[in-house]
2 protein chains.
Amino acid sequence: MRDTRDKILDASLALFSIKGFLGATTKEIAKKAGVAELTLFRHFSSKERLFEEMIASHSFLPALKGLLPELKDLSYRDALVQIAGGFLNRLSERRDLIKIMHSEIHLYPAKVKEIQQNLVGEIVKTLASYFRGMQEGGLLKEFDPELGARAFLGMFFQYFTNQEFVVEKKQKFENRDAVIREYVNIFVFGTEAGKSNNGSGSTDGVR
Amino acid sequence: MRDTRDKILDASLALFSIKGFLGATTKEIAKKAGVAELTLFRHFSSKERLFEEMIASHSFLPALKGLLPELKDLSYRDALVQIAGGFLNRLSERRDLIKIMHSEIHLYPAKVKEIQQNLVGEIVKTLASYFRGMQEGGLLKEFDPELGARAFLGMFFQYFTNQEFVVEKKQKFENRDAVIREYVNIFVFGTEAGKSNNGSGSTDGVR
DNA sequence: TAAAAATGTAAGTAAGCGCTAACATTAATG
DNA sequence: CATTAATGTTAGCGCTTACTTACATTTTTA
């Protein structure tokens, strides 16, 4: 069957993310996939190749890219809220892969870099080009667009990993939107006093 | 001898960080420590206890705390530059431990949380209290101090892990100070146009 | 329905792992 | 110097692991 392979790939993703490459056994993966262990080896010549093909099969398409056009209709602030939300959603979807990425850097630095590149690098470029456009329109200050994008996404990436991997599983995302608003506010207006806007605003329009 | 124990602890830190808990063997650790494998087991009843005691022995004191007083003499912007630099230095010192933290969450969620708490939680509180003080003095906008601290440190934590674990080992820290300046600028002044300051400033005074 | 492809079952191999036992050797101590 | 504590050497046990072999059974295909 065609989907035997997929069942194995899915099971391996789940178990690798929970127990790591060395911690997950082929017997266990096969069991989780509802398949004989031998079948696993008939599809993938070794555990290592299973790992590689699993990674490759989950190597993802450029997302968040088609999102750029519709940002034109939003205020700068709301656009960032939108981007942050989309980014966090994307990270949630890929949480297993991100966990593996964190755990297995020492085993597969190249593969991991590739994931990181696909996962973050792409959206960094997208966001940077958005910033560049806004700067050319005189709507933003002068700052390095790529660095700015990394700073912005870095805040949220760090928030995500902290929530996913460190914080107790209770009340997850309870304060997600509040965090997004606060972070976006800081990014847009800064923190130093002596200017018009302040944080506890009501410029809503999203959510 | 007293330092046999320490040699084992040091070797285990190095190897666990490179190969992970399962990937590092007791034989290898003993060899790296210049010690017989049996000696390792005479000091630590099991590999697991070695791991725990290694973590405990590297569980660190509150740093960056005594730094707060001298921040009074700096401008807001320079204070943040100082904090960011100190934070990045601290992360560099503890890079092995951070790597283990990333790799071994699934094995020791409790221990890892403890590290994260000691490593980031403490400095978050410190920075948050700094923000609170500045807000009471009317020098900063109103924003949640703890969230702000997390946003600020998150940018740099993400920058650090990206540099350490993803980027090629060349040109490390070549642009470190530039990144710090840019990030601090964004955090202080925001990115939206229509205000006095702009990014490519010259408010130097640090470095 | 017959041939071929995919999967299952069961048993096992070779290697590596954490860890222990027995005894010899060195270093610290009084 | 004699005693004790710490370390080294070697061999090995029991277990798990990735992976294989041989053969039976099911599923797909033509």
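Labels below follow one simple rule: chain letters A, B, ... track the order of the sequence lines, proteins then strands, and each chain is numbered from 1. Below, each value reflects all heavy atoms present in this structure, side chains not excepted, and no hydrogens, waters or symmetry copies.
Between A:Leu50 atom CG and D:dT17 atom C1' the separation is 15 Å, expressed in whole Å. Per the geometry, CD1 belonging to A:Ile8 stands 13 Å off C1' belonging to C:dG8, to the nearest Å. Rounded to whole Å, the distance from CZ on A:Phe51 to P on D:dC19 is 14 Å. Between B:Phe41 atom CZ and D:dT7 atom C1' the separation is 16 Å, expressed in whole Å. Residue B:Arg5 contributes atom CZ, which lies 16 Å from atom C1' of D:dT7 at whole-angstrom precision. When the P atom of D:dA6 is taken as reference, atom NZ of B:Lys7 falls 15 Å away, rounded to whole Å. Going from atom CG of B:Asp3 over to atom P of C:dA27 covers 14 Å, rounded to whole Å. For the pair B:Leu22 CG and D:dT17 C1', the computed distance is 12 Å after rounding to whole Å.
To the nearest 0.5 Å, the span separating CG on A:Asp96 from CG on A:Leu13 amounts to 4.5 Å. A distance of 7.5 Å separates CG in B:Asn175 from CG in A:Leu147, rounded to the nearest 0.5 Å. Distance check, rounded to the nearest 0.5 Å: NZ of A:Lys32 to CG of A:Asp10 gives 10.0 Å.
B:Lys7 NZ: more than 12 foreign heavy atoms inside a 6.0 Å radius.
Contacts between residues 26-38 of chain B and DNA chain C, defined by a heavy-atom separation under 4.0 Å, are made by B:Thr26, B:Glu37, B:Leu38. Heavy-atom distances under 4.0 Å link DNA chain C to no residue of residues 10-20 of chain A.
Using a 4.5 Å heavy-atom cutoff, the side chains of A:Glu53 and A:Arg5 are in contact.
Ring-plane geometry between A:His102 and B:His102 is classed as parallel, the angle between the planes falling under 30 degrees on a 0 to 90 degree scale with a further cut at 60. Ring geometry for A:Phe131 versus A:Phe152: interplanar angle over 60°, hence perpendicular rather than tilted (30 to 60°).
The A:Thr39 side chain lies nearest to C:dG8 when the options are C:dG18, C:dG8, C:dC19. Considering only side-chain atoms of A:Arg42, the nucleotide from C:dC19, C:dT7, D:dG8 that sits closest is C:dT7.
Put simply, A:His43 has a side-chain N or O that comes within less than 4.0 Å of OP1 or OP2 on C:dT7. Residue A:Thr4 places at least one side-chain N or O under 4.0 Å from the OP1 or OP2 atom of C:dT7.
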Is there a salt bridge (Lys or Arg N to Asp or Glu O under 4.0 Å) between A:Glu52 and A:Arg49? Walk through the geometry before answering. CA-CA 5 Å; A:Glu52 290 171 5; A:Arg49 285 208 48 84; 3.7 Å; yes
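In summary, of the residues considered (A:Arg176, A:Lys99, A:Arg95), a salt bridge (Lys or Arg N to Asp or Glu O under 4.0 Å) with A:Glu164 occurs for A:Arg95 alone.
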